[in-house]
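Below, chain A is the first sequence line, B the second, and so on; all start at residue 1.
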Amino acid sequence: MNRKYNAQEIEGKWQKYWEDAKTFKVHEDPQKKKYYLLEMFPYPSGKIHMGHVRNYTIGDVIARYKRMKGFNVLHPMGWDAFGMPAENAAIERDIHPATWTNENISYMRSQLKRMGFSYDWDREISTCEPEYYRWEQLFFLWMYKKGLVYKKTSAVNWCPKCQTVLANEQVEAGLCWRCSSEVGEKVLDQWFFKITAYVEELLDYCDKLTGWPERVLTMQKNWIGKSCGCEVSFPMAEGSGDIKVFTTRQDTLYGATFMLVAAEHPLVMELVKGKAIENDVREFVEKIKKQDRLLRTSESYEKEGIFLDAYCLNPLTTRKMPIYAANFVLADYGTGCVMAVPTHDQRDFEFAKKYNLPLVVVIQSPDKPLNTETMTEAYVGEGVLVHSGPFDGMENTKALEAIAQHLEAIGRGKRTVQYRLRDWGISRQRYWGAPIPVINCEQCGAVPVPESDLPVVLPRNVEFTGEGGSPLAKLRSFIETTCPCCKGKAKRETDTMDTFVESSWYFDRFCCPDYSEEPGLDRRKVDYWMPVDQYIGGIEHAILHLLYARFYTKALRDFGALGVDEPFTNLLTQGMVCKETMRCPQHGYVSPDEVNNGKCKHCGTDVIIGKTEKMSKSLKNIVDPNYLLDQYGADTARLFCLFAAPPEKDLEWSDQGVEGSFRFLNRTWRIIMDYLDDIQAVESSATDEELDGELKNLRRKAHQTIKRVTTDIEDRFHFNTAISAVMELVNLLYQINRPAADDKKALRLIRETMETIVILLAPIVPHITEELWKMLGHKSELADVTWPSYDPLAAEEEEITIVIQVNGKVRSRINVPADEKEEKIKALAREDEKALKFIKDKKILKEIYVPKKLINIVIHG
RNA sequence: GCCUGGGUGGCGGAAUUGGUAGACGCAAGGGACUUAAAAUCCCUCGGUACUUGUGACUGUGCGAGUUCGAUUCUCGCCCCAGGCACCA
């Protein structure tokens with residue numbers, strides 16, 4: 001037999017087989033231990049990219065491995081099908097978003113099938129279908145009832161020329177991506193999910209999610225941004241009323257010499273109403289509002305403010321504090337007002353210097369005394385309080401508590417907690433999303449659509465011009481309806497939901513994709529599968545998607561739709577796929593096929609090799625998965641993605657590395673073909689068969705390989721080292737002397753070794769191994785074969801190398817039987833010729849013996 | 001500025017608990033096979049100088065420390081990547 005490895009033929013064959021036999025279809029089985037493996041589902045942008053290939057390959061190896069380990073594995077795939085690109089395609093190419101999306105889905109599905117991923121395709125879901133989003137609308141109504149949904153005014157990016165709302169990524173340097181007009185701000189009524197209602201639980205669980213990478217949890221904690229402090233009231237100097245501020249530094253309250261208010265804060269115009277400076281202040285506020293938008297991305301801008309001709313009083317010193325509007329105070333954090341302590345806050349210090357405002361030191365540095373005359377920056381360190389009345393002499397860390405108590409006692413403040421986390425704005429003034437199930441009635445206000453009227457189906461017959469706001473808002477047949485309350489004429493809400501809502505519960509729906517009864521989640525099935533045991537995806541979703549999904553899970557739990565607190569037990573964030581970039585001085589970034597012998601094809605100039613960066617169209621450094629599949633096949637693509645780097649690290653693309661992976665598959669194929677005739681007649685050898693010499697070594701190596709591959713996959717997902725272990729075993733097979741055709745004992749072992757190789761590689765390169773498995777004469781499906789366990793006895797070395805060190809330096813090595821006694825080894829070491837050269841007649845101070853590893857002889861000098 | 005990772009041959013990466021640094025692959029060089037090439041198979045491959053060895057010295061970003069012994073632990077510094085960034 002002399003067949004060549006033909007990847008395309010083999011892969012097509014097995015993919016069809018798996019599909020026809022429904023090999024990867026699963027159902028709940030209480031007898032078996034479940035394992036839910038999920039990769040972040042893709043947005044159907046057109047075709048899959050290398051990032052998908054890598055992500056889904058990593059997931060597939062784990063899924064197939066767990067399956068072979070006997071788990072009941074749920075491994076689903078679907079489509080995050082709503083979103084802006086579909087709408088843009090509609091505007092640009094006059095194709096309906098639904099058509100565009102569905103065409104993309106069917107193409108990308110065929111690509112995923114060509115990769116040989118072990119999905120249960122019967123569970124495929126697409127979030128743009130009413131069967132999916134109707135339940136999302138139901139959850140919206142539940143949340144509305146519970147007060148977890150509310151409406152408030154909030155600013156959006158607005159292009160005055162296109163008359164449309166722009167997402168943040170559609171604003172390029174302050175200009176509209178389509179028409180380059182200056183983007184403004186527009187205040188609209190928008191819907192919000194009250195994620196802050198769960199903020200403490202979300203934060204708490206950051207310490208309980210032990211299967212998540214530390215840095216993701218740190219990012220989430222920072223994003224939530226809890227800070228404890230005080231709300232303090234500063235009475236107005238004249239008239240009644242007060243200004244409330246939030247501070248974490250109430251220990252510096254005695255040093256507060258002026259008050260700052262966010263420029264956009266309504267209080268600003270209130271305070272100057274009717275005063276001479278009213279117009280100046282209005283101008284200032286308008287300027288800041290514009291500045292804010294344009295310079296948002298710039299480094300850090302100059303602190304600016306304007307005096308409001310008003311004063312309040314420091315509640316502890318009764319000092320008169322001038323009130324300023326300032327550009328650097330955030331309107332939507334805390335109360336939008338800040339007490340300024342220029343001596344102990346760098347921003348306040350800079351502001352005070354610019355506008356000549358008074359400084360009072362209230363914390364004295366233990367190192368060098370602070371002097372308001374000579375200070376060049378604020379002192380933010382710790383110290384002892386001064387100029388602080390009864391608190392003088394107290395350590396500032398203690399004063400934090402003491403002053404908080406004092407404020408509460410005199411009714412001027414209370415301890416509070418602030419979070420950086422804001423509620424989740426889910427309104428999108430767009431067409432291609434799930435309609436928000438609300439009816440706006442002039443009489444009754446916003447009225448939820450009755451549950452019995454769901455789903456509110458997104459209509460198809462709309463026009464896409466890209467101008468004049470959401471196409472939905474112009475469709476009379478959609479808007480015009482009757483109010484469920486008063487039965488009068490009313491208008492449907494035309495906002496759709498943020499697509500992050502769909503991705504916040506799709507993993508629940510995968511458990512019961514066809515369940516058509518309320519609430520779209522079959523508790524029995526969801527309880528069996530959830531939570532997701534292993535979730536895999538890009539680090540770019542470390543905050544938003546993962547936080548939203550956690551919140552949504554808790555909300556659904558409290559509605560009784562779910563029984564879990566957290567959706568994802570273990571999280572793996574895989575690195576990016578990168579490749580080197582090339583630039584032509586004339587033509588900018590160029591792709592490899594625009595380069596000939598290091599020169600640009602268009603102009604002949606030398607091409608500059610640039611940095612290695614994440615694959616992207618604009619950098620022209622993408623590799624199309626189709627090319628790989630055509631050239632080498634899915635198994636090579638999978639093998640390379642796993643072998644080039646461990647999953648959490650960035651993967652640097654290398655065409656030669658791909659060649660190497662292909663070579664290894666051929667090498668494995670060839671050696672098995674080479675032996676096929678000889679081993680077909682024999683059984684795989686039994687482990688208790690007596691062997692010696694080279695054959696014993698081979699069996700030992702095989703069992704060591706099983707051990708290594710198992711722990712590398714199981715404990716660390718380090719597939720690169722698992723693969724290299726199998727490579728070593730294949731190399732050893734090439735090295736042994738070919739046994740005679742009638743040496744049954746040797747051939748039995750060869751067969752055993754080859755079967756081990758095939759099984760260990762099965763999750764990684766499923767097609768070639770399935771084919772080899774059949775060629776070795778097996779009837780069963782390799783995907784169902786039980787993962788082997790290793791025999792510790794067979795894996796054990798009979799001879800070990802002991803390193804002899806003198807003063808910590810390796811000087812010699814000796815081989816001894818594995819069970820050699822310590823005394824004997826020490827004696828051998830002392831007599832060792834090479835070691836003796838270094839010991840000579842020097843006195844041996846001590847000997848350190850590390851069993852089975854080394855002996856260190858410590859001598860003087 | 002703050003937080004989190006990371007820095008090992010020409011390159012991607014190994015070294016699981018402090019115990020033989022550089023597994024495996026790529027690239028490079030050499031050999032075998034071949035009329036030839038490709039493919040394949042085998043060998044060499046961190047650096048330095050030399051007396052060319054079954055050797056010596058040196059070597060995991062830099063500098064110190066702990067230890068019999070440090071890529072691994074501690075401290076200080078440098079560099080790279082990612083995240084957050086006027087959050088009071």
Can you check the distance between [N] and [M], where both ends of the measurement are the [atom1] atom (answer in whole Å)?
N: B:U34; M: B:A21; atom1: C1'; answer: 41 Å
N: B:C80; M: B:A14; atom1: P; answer: 23 Å
N: B:G9; M: B:G47; atom1: C1'; answer: 9 Å
N: B:C75; M: B:G5; atom1: P; answer: 14 Å

Applying ring pair (Phe, Tyr, Trp, His ring centres under 6.0 Å), can you list everything that pairs with A:Phe258, at least two apart in sequence or on another chain?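 Ring pair (Phe, Tyr, Trp, His ring centres under 6.0 Å) list for A:Phe258, sorted by chain: A:Phe351.
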Please list all pairs meeting salt bridge (charged side-chain N to carboxylate O under 4.0 Å, His left out) that have one or both residues in residues 721-736 of chain A, counting only residues at least two apart or in different chains. A:Lys701-A:Glu728, A:Arg708-A:Glu728
Name all pairs fulfilling the salt bridge (charged side-chain N to carboxylate O under 4.0 Å, His left out) condition that reach into residues 656-672 of chain A, sequence neighbours left out, sorted by first residue then second.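 Sorted pair list comes back empty.
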For [X], report the nucleic acid contact type (base, sugar-phosphate, nothing); a contact means any heavy atom under 4.0 Å.
X: A:Asp650; value: sugar-phosphate
X: A:Phe351; value: nothing
X: A:Ser227; value: sugar-phosphate
X: A:Ser654; value: nothing

Without decimals, in angstroms, what is the distance between [X] [atom1] and [N] [atom2]?
X: A:Asn807; N: B:U67; atom1: CG; atom2: P; value: 15 Å
X: A:Leu260; N: B:C87; atom1: CG; atom2: P; value: 12 Å
X: A:Ile543; N: B:A85; atom1: CD1; atom2: P; value: 8 Å
X: A:Arg811; N: B:C68; atom1: CZ; atom2: P; value: 18 Å
X: A:Asn737; N: B:C42; atom1: CG; atom2: P; value: 13 Å
X: A:Glu652; N: B:A81; atom1: CD; atom2: C1'; value: 14 Å

Exercise: do A:Tyr333 and A:Ser227 side chains pair donor with acceptor under 3.5 Å: yes
Under a 3.5 Å cutoff, is there a donor and acceptor pairing between the side chains of A:Asp423 and A:Thr196? yes
Below 4.0 Å: OP1/OP2 of [N] and any side-chain N or O of [X]:
X: A:Arg670; N: B:C41; answer: yes
X: A:Tyr419; N: B:C87; answer: no
X: A:Arg420; N: B:C84; answer: no
X: A:Tyr734; N: B:C41; answer: yes
X: A:Arg663; N: B:C41; answer: no
X: A:Lys809; N: B:U58; answer: yes

Looking at every non-hydrogen atom in both residues, tell me the closest pair between A:Gln574 and A:Gly51 and how far apart they are. NE2-O, 3.7 Å
How far apart are the closest heavy atoms of A:Phe664 and A:Val726, and which atoms are they?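 What the structure gives for the nearest pair is CZ-CG1, 4.3 Å.
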For RNA chain B, which ranges pair as stems of 3 or more consecutive Watson-Crick or G-U pairs, with both donor-acceptor distances under 3.5 Å? B:1-7 with B:78-84, B:10-12 with B:24-26, B:28-32 with B:40-44, B:46-48 with B:56-58, B:61-65 with B:73-77
From the set B:U4, B:C86, B:G55, return the single nucleotide nearest to any side-chain atom of A:Thr218. B:U4
Can you check each nucleotide of nucleotides 14-24 of chain B against protein heavy atoms at under 4.0 Å and return B for base, S for sugar-phosphate only, - for none, in 5' to 3' order? SS---BBS-BB
Electrostatic pair A:Asp332:A:Arg422 at N-O distance under 4.0 angstrom: yes
Under the salt bridge (charged side-chain N to carboxylate O under 4.0 Å, His left out) criterion, do A:Glu797 and A:Lys852 qualify, and how do the steps go? CA-CA 11 Å; A:Glu797 295 284 356; A:Lys852 299 192 184 240; over 6 Å; no
Is the base of B:G9 syn or anti, where syn means the angle lies within 90° of 0? syn
Between A:Asp348 and A:Lys834, just flag the one whose closest nucleotide in RNA chain B comes earlier from the 5' side. A:Lys834
Pairing residues for A:Arg54 by the salt bridge (Lys or Arg N to Asp or Glu O under 4.0 Å) criterion, not counting sequence neighbours: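 Per chain and number, A:Arg54 pairs via salt bridge (Lys or Arg N to Asp or Glu O under 4.0 Å) with no residue.
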